[in-house]
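One structure is given below, encoded as structure tokens.
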There are 2 protein chains.
Amino acid sequence: MIEIGEVTVPAATVARLPYYLRALRDLASRGVTTTSSTELAEASGVGSAQLRKDLSYLGSFGTRGVGYDVESLSSVITTALGLGSTHRLAIIGIGNLGQALANYSGYSSRGFEVAALLDVAPSVVGTRPAGGLVVEHLDALEEVLEREAVTMVVLATPGPPAQAVAERVVAAGVKEILCFAPVALQLPDDVVVRSVDVGGELQILAFHAAARAATAAR
Amino acid sequence: MIEIGEVTVPAATVARLPYYLRALRDLASRGVTTTSSTELAEASGVGSAQLRKDLSYLGSFGTRGVGYDVESLSSVITTALGLGSTHRLAIIGIGNLGQALANYSGYSSRGFEVAALLDVAPSVVGTRPAGGLVVEHLDALEEVLEREAVTMVVLATPGPPAQAVAERVVAAGVKEILCFAPVALQLPDDVVVRSVDVGGELQILAFHAAARAATAAR
DNA sequence: TAGATTGTTAATCGATTAACAATC
DNA sequence: TAGATTGTTAATCGATTAACAATC
């Protein structure tokens, strides 16, 4: 459960809010102005009861017998997700993945802005992989985070340095981290870490493939 | 719950097995041969009771009073995850992200092999972004999947074409998909889709940041 | 009014945690 | 044997689902 202002929202619900927002924007772009929990749930890949329950944690935004106004529900979720103000990101580790993340174009439409790129490799520091920003040296981490008023860090370093870098990030006051390094970061409880592990996802698929094969064999 | 052979493993447990495997390999690489549920759990970022419970679904592999043999537990999990045989991947969509995924070096150590790269852009088809493989045209999807005996697909296309491409992939017999496109794929129930949504992860972090700010303000 | 759809309640289900007997 | 640590049971907790009264 996560408290925000007066309300408390289950973590599982928070994790689904981005899906709803994405589906709403998609509906809006197709000219749909009103939707139902059934339609929106299908577009989000969840059940309609789940959707209504999730929205009920944020308040009551629909009209019985009618449905939801796409535009206003969209802005309710945008506000709940804290996307009203822009979040400034630093990407640390400008390898293959870091470069791809730096080049990703969807940030601004989602309320984010890449404010800094950092790495340690002499071959990368000083270059402009995404056209705009220059990669700065990790030595200047604290200075850069403060200068650019960074509030979130994307950690795309290899595994071994990740823990030490994360500790410096936290010491500099940034408490929201998206981690691509394949390690379990040990950080204070008030720091929020979301981890993306591509290799792990593939392994989970492999488990399902093995389960499929084992079941088919019987 | 997921059945595999005689056993049934909760989905939440399956999702943690990669963490345990990663931690075990890390311990092994540091020369540790025996570990305890406490040590392994800490390295994996979970509680020790959770770890023991999770392992209990697979069987009983420790020695009371002693702990677990790192090497043998590692191979138990490797087998459970179906990593005994190599899984052949096709990456579809060779943009920024697809290139980064193609260049990622950790596949072989984790039991995967990139067998094909596909795209539609004339500027990309025919090039060799990862040094080895040539990007083939999506028109030849079915042929390529069969020729290379692909068993899993990594979908790194933009959102709009993702659904149609996924349907072709499934029709060609591939039922394990890792999707990076920001859409909720509508596919038959026996197809397993894992989705990675970087934008969504950032939005979840933004929610936590907003919750932090709201709580601090009171 | 009749039909449709929300918001909420209550029941079910699954996951986590703590505690401890078994046992090395 | 004494100490340590597993594997499992039982209790708790959180999440999902179904059903329906409220109401537009």
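A, B, ... follow the sequence lines: proteins, then strands. Residue 1 opens every chain.
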Main-chain N/O of [Y] paired with [X] side-chain donor or acceptor, under 3.5 Å:
| X | Y | result |
| --- | --- | --- |
| His208(B) | Val193(A) | no |
| Asn103(B) | Asn96(A) | no |
| Arg212(A) | Val191(B) | no |
| Ser36(A) | Glu39(A) | yes |

Below 3.5 Å, does any donor atom in the side chain of Arg64(A) face an acceptor in the base of dT6(C), or the other way round?
yes
In what stems does DNA chain D take part, counting only runs of at least 3 consecutive Watson-Crick or G-U pairs whose two distances fall under 3.5 Å?
C:3-24 with D:3-24
Side chains of Tyr20(B) and Asp54(B), donor plus acceptor under 3.5 Å:
yes
Return the nearest nucleotide to the side chain of Ser36(A); candidates are dT6(D), dT8(D), dT6(C).
dT6(C)
Using a cut-off of less than 4.0 Å, is there contact between a side-chain N or O of [X] and OP1 or OP2 of [N]?
| X | N | value |
| --- | --- | --- |
| Thr63(A) | dC24(D) | no |
| Tyr68(A) | dC24(D) | no |
| Ser60(A) | dG7(C) | yes |

Glu167(A) vs Leu187(A) side-chain heavy atoms within contact, under 4.5 Å
yes
In the structure I gave you, are the side-chain heavy atoms of Leu145(B) and Leu141(B) within less than 4.5 Å of one another anywhere?
yes
Between protein and nucleic acid, restricted to nucleotides 14-19 of chain D and to nitrogen or oxygen atoms under 3.5 Å apart, what atom pairs and distances do you find?
unit_1: dT16(D); atom_1: OP1; unit_2: Arg16(A); atom_2: NH1; d: 2.9
unit_1: dT16(D); atom_1: OP2; unit_2: Arg16(A); atom_2: NH1; d: 3.3
unit_1: dT16(D); atom_1: OP2; unit_2: Arg16(A); atom_2: NH2; d: 2.7
unit_1: dT16(D); atom_1: OP2; unit_2: Gln50(A); atom_2: OE1; d: 3.0
unit_1: dT16(D); atom_1: O5'; unit_2: Gln50(A); atom_2: OE1; d: 3.4
unit_1: dA19(D); atom_1: N6; unit_2: Arg52(A); atom_2: NH2; d: 3.4

Between [X] ([atom1]) and [N] ([atom2]), how many Å, whole number?
| X | N | atom1 | atom2 | value |
| --- | --- | --- | --- | --- |
| Leu58(B) | dG7(D) | CG | C1' | 13 Å |
| Leu51(B) | dT5(D) | CG | P | 14 Å |
| Asp69(A) | dT5(C) | CG | C1' | 15 Å |

Scan residues 65-94 of chain A for pairs that pass salt bridge (charged side-chain N to carboxylate O under 4.0 Å, His left out), counting only residues two or more places apart or in two chains.
Arg88(A)-Glu113(A), Arg88(A)-Glu148(A)
Going through the checks in order, is the side-chain contact (heavy atoms from CB on, under 4.5 Å) test met by Leu202(A) and Tyr107(B)?
CA-CA 9 Å; Leu202(A) 289 173; Tyr107(B) 293 112; 3.7 Å; yes
